[in-house]
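Below you'll find the structure, written out as structure tokens, and then a few comments.
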Amino acid sequence: MPETEPKRNFITEIIDEHNQTDRFQGRVHTRFPPEPNGYLHIGHAKSICLNFGIAQQYGGLCNLRFDDTNPAKEEQEYIHAIINDVRWLGYDWGDRLFFASDYFDQLYDMAVELIRIGRAYVDQLSPDEIRAYRGTLTEPGIESPWRERPVEENLALFAKMRAGGFQEGEAVLRAKIDMSSGNINLRDPVMYRILATPHPRTGDAWRIYPMYDFAHGQSDSLEGITHSICTLEYEAHRPLYDWYLDNIEIYHPQQIEFARLNLSHTVLSKRKLIRLVQEGYVAGWDDPRMPTISGLRRRGYTPEAIREFCDEIGLGKVKGIVALHKLEYHIRHDLNKRANRVMAVLNPLRVVIENYPEDMTEELEAINNPEDASAGARKVPFGKVLYIEREDFMEAPPRKFFRLAPGREVRLRYAYFITCREVIKDAAGEVVELRCTYDPETRGGSAPDGRRPKATLHWVSAAHAIEAEARLYDTLFTVENPDADRDQDFTAFINPQSLQVVAAALVEPSLATAQPGDRFQFERLAYFVVDADSTSERLVFNRTVTLRDQWKKQQQKQPRRRKQRRSARSQSG
RNA sequence: AGCGAGGUAGCUCAAUUGGCAGAGCAGGUGCCUUUGGAGCACAAGGUUAAAGGUUCGAGUCCUUUCCUCGCUGCCA
């Protein structure tokens, strides 16, 4: 990885201070700890880049650890997907792939130890009673009647819980802390609950499972983690994290919290993403409209662009929504350097070059990537009948429309200048064909007399073009923050136009050998990636992101401007 | 209301720990161009939530107020 400016943020500040005071003997060891209950999304990418990035920056290590303490929600499928996604993002955990379930025996021993020293007890209140006894945000809780039972009895009961002597909900192990604490996490939190569900890894070996709080800090401790970085909602859990480690008296890492990522025009909670999949709003976890890593990958995003994005949005404790166009900026920036240019016409309009010989074909040279000389050049066939983009012609062009119009000359990229001589319409009055002439002197795209058309159009040869499917994606939601409305479900804001399929786009023949995952820029249109659905008979392209379109922006701007000018005039008059 | 966290440009973050409030992106204007893309240049954008205090000097320290977010799972 290229050495860049060391990133400074509030976390590196804390680490620097630890290094100065020698708290961890200069070690930096982080971890990325997903629960395998869904696919990773761009928000996780921020955490992954942070944890692995900090470790890299300080010459330390980062573990991958699955927080698999709740078998009711977790699946093997997700474990594979997560491993695949982290690797694809470009990070390596060496031989340090761990599972919280690896520590079930040790965690059990720690719980027994807390019972022995009188800091944990088996509670037989029902779940409802526990809730009622917990108190509220403003009122203290009430101690359970089981809170003071003798150590020996607790030991026996906890063993009975483990052995299956209780049903789910009949008993839990609780830490004896403080039922009147202002921090509700400290009001005798549950350490172990009974779950009859088999575990994806430990099968039927256990009937009791540790809660997140009882598993996480100790897992960090056992792995020698120095900085346990998590999101802001765990802030109130830190005193509990510390309490367990201090009372069990084991090595004590530092928990640090940062603000999770929110991205505009999408949702980033597993609960909502799982609904999008299950209720059929998208085709699956890797639907190119999903903000999942697998969705972004299929959409054509590169790991580099995602990493750059995570790097740029920075790190803080302020919750905010990052605009989607920031992500788009980074993928354009990356693809601009690496994607070969090709010509493809999404909405074809037939053009016949009247003065071009009937059965002549020429092979014209086209640059693959003006940003990268090593990408070389290719040959593009040219003939009498071509297709151009329908939007590139207007019969009655407005003032700033520089593309093709009756009587006007434009350049066909890498080919010739053509002039529109006649417009052919069908019975309904729709333009179906343009009769043009070409200037043989302008082969390759420049004129000996130095004249320069204002527009250059992309095109394909009718005789050589390949038909392909193009899937045009837009944002999944029409509003910036689909979560913001308290009265309406986020699904009310789904964009009905988020996928538009162009069944018969025409692409240049060089694309015949394109393979799934190959990325291209369709000149003047957008970046596209070959989808996994693609076959040699039928190419399928996903639009990753459009190019910035100044013409479109202009068009949207014009009316507003005129109105402003008019109102300015009326105000001054 | 209790506990905790936060409030600096439209957005995301800086500000060498008390010393001229800056950057990227977005938006604006212009230049250039065989992608109306890319690129380049320039300008604009701020009462640092508010008030008071300490100080030669406050985004930074103190006090008060306001606003936002999280927390009452046997989820993570």
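It should be emphasised that the depicted structure is a prediction, and the values quoted were computed from it without experimental measurement.
A salt bridge does not link A:E389 to A:R403: none of the charged side-chain nitrogens sits closer than 4.0 Å to a carboxylate oxygen.
Remark: the A:N369 side chain and the A:E371 side chain contain no N/O donor-acceptor pair separated by less than 3.5 Å. A donor and an acceptor atom, one from each side chain of A:S374 and A:D372, are located under 3.5 Å apart. Using a 3.5 Å distance cut-off with no hydrogens or angles, the side chains of A:N368 and A:R341 do not pair a donor with an acceptor. Side-chain contact annotation: A:N70 with A:Y212, donor-acceptor N/O pair under 3.5 Å absent. Remark: the A:H330 side chain and the A:E312 side chain contain an N/O donor-acceptor pair separated by less than 3.5 Å. In this model, a donor atom of one side chain and an acceptor atom of the other lie less than 3.5 Å apart for A:R411 and A:T456. For the residue pair A:R31 / A:S228, a side-chain donor-acceptor distance below 3.5 Å is found, with atom types taken as modelled. Side chains of A:E223 and A:N63: a donor-acceptor N/O pair is present below 3.5 angstrom, by distance only.
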* Asked: So A:Y192 and A:F214, ring-ring contact (aromatic ring centres under 6.0 Å, His included) or not? Walk me through it.
  -> CA-CA 8 Å; A:Y192 270 91; A:F214 190 68; 5.7 Å; yes

* Checking side chain to side chain donor-acceptor pair (under 3.5 Å) for the pair A:Q255/A:E257: CA distance, chi angles, key distance, verdict? -> CA-CA 7 Å; A:Q255 177 178 307; A:E257 310 86 10; 3.0 Å; yes

* To do: Evaluate the criterion ring-ring contact (aromatic ring centres under 6.0 Å, His included) for residue pair A:Y329 and A:H325; output intermediate values, then yes/no.
  => CA-CA 6 Å; A:Y329 166 83; A:H325 58 63; 9.3 Å; no

* Show your reasoning for whether ring-ring contact (aromatic ring centres under 6.0 Å, His included) applies to A:F522 and A:Y527. => CA-CA 6 Å; A:F522 289 4; A:Y527 292 99; 9.8 Å; no

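Separating the P atom of B:rC61 from that of B:rU8 is a span of 15 Å, rounded to the nearest Å. B:rC25 and B:rA14 have their C1' atoms separated by 15 Å, given to the nearest Å. As rounded to the nearest Å, B:rU54 and B:rU60 have P atoms that lie 15 Å from one another. On the C1' atoms, B:rU47 is 13 Å away from B:rA9, given to the nearest whole Å. Comparing the P positions of B:rG22 and B:rG4 gives an interatomic distance of 36 Å, to the nearest angstrom. B:rG57 and B:rA1 have their P atoms separated by 36 Å, with the value rounded to a whole Å. The separation of B:rU29 from B:rA38, taken at their P atoms, amounts to 15 Å, rounded to a whole angstrom. Using C1' as the reference atom, B:rG6 and B:rG45 are 24 Å apart when rounded to the nearest Å.
A cation-pi arrangement is present between A:K160 and A:F166 under the rule of less than 6.0 angstrom and at most 45 degrees off the ring axis. Cation-pi contact between A:R65 and A:F99: absent, since separation from the ring centre below 6.0 Å together with deviation from the ring axis within 45° is not met.
The residue among A:T442 and A:N70 whose nearest nucleotide of RNA chain B is located toward the 5' end is A:T442. For the pair A:A415 and A:N183, both in contact range of RNA chain B, the more 5′-proximal nearest nucleotide belongs to A:N183.
With hydrogens and angles disregarded, no donor-acceptor distance shorter than 3.5 Å links the side chain of A:W206 to the backbone of A:F104.
Of the residues in residues 121-140 of chain A, those with a non-hydrogen atom less than 4.0 angstrom from any atom of RNA chain B are A:L125, A:S126, A:P127, A:I130, A:R131, A:R134, A:G135, A:T136, A:L137, A:T138. Shown for residues 451-460 of chain A: residues whose heavy atoms fall under 4.0 angstrom of RNA chain B, namely A:R452, A:T456.
In this model, the phosphate group of B:rG73 is not approached by any side-chain N or O of A:R193 to a distance below 4.0 Å at OP1 or OP2. Under 4.0 angstrom from either OP1 or OP2 of B:rA38 there lies at least one side-chain N or O belonging to A:R548.
The separation between A:D220 atom CG and B:rA76 atom C1' is 14 Å, rounded to whole Å.
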Check nucleotides 59-61 of chain B for protein N or O atoms closer than 3.5 Å to its own N or O atoms and list the pairs.
none

Identify each atom pair where a protein N or O and an N or O of nucleotides 64-66 of chain B are less than 3.5 Å apart, giving names and distance.
none

Collect all protein-nucleotide pairs involving nucleotides 4-6 of chain B in which both atoms are nitrogen or oxygen and the distance is under 3.5 Å.
residue: B:rA5; atom: O2'; partner: A:E235; partner atom: OE2; Å: 3.3

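Annotated as anti: B:rG53, whose O4'-C1'-N torsion sits more than 90° from 0. Taking 90° from 0 as the syn/anti boundary, the base of B:rU17 is oriented syn.
Between A:Y241 and A:H216, the two ring planes are tilted [angle within 30° to 60°]. By the 30° and 60° cut-offs, the orientation of the rings of A:Y103 relative to A:F98 is tilted. In this pair, A:H44 and A:F32 present their aromatic rings perpendicular. The plane angle is above 60°, beyond the 30 to 60° band.
Ranking B:rC25, B:rU35, B:rC75 by closeness to the A:H325 side chain, first place goes to B:rC25. Taking only side-chain atoms of A:V190, from C-beta outward, the nucleotide of B:rC74, B:rG37, B:rU72 with the closest atom is B:rC74.
Within the 4.0 angstrom heavy-atom criterion, no nucleotide atom of any strand lies near A:E168.
Results of the salt bridge (charged side-chain N to carboxylate O under 4.0 Å, His left out) test with A:R378 over A:E363, A:E508, A:E365 single out A:E508 as the only residue that passes.
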* Structure fact -> For RNA chain B, the dot-bracket notation using Watson-Crick and G-U wobble pairs below 3.5 Å, [ ] for pseudoknot-type crossings and | for other-strand pairs, is .((((((..((((.....[..))))..((((.......))))......(((((..]....))))))))))).....

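Side-chain atoms of A:H237 and base atoms of B:rA76 include a donor and an acceptor less than 3.5 Å apart. Residue A:Y329 places no side-chain atom within donor-acceptor reach of the base of B:rA26, judged by atom type and a 3.5 Å distance cut-off alone.
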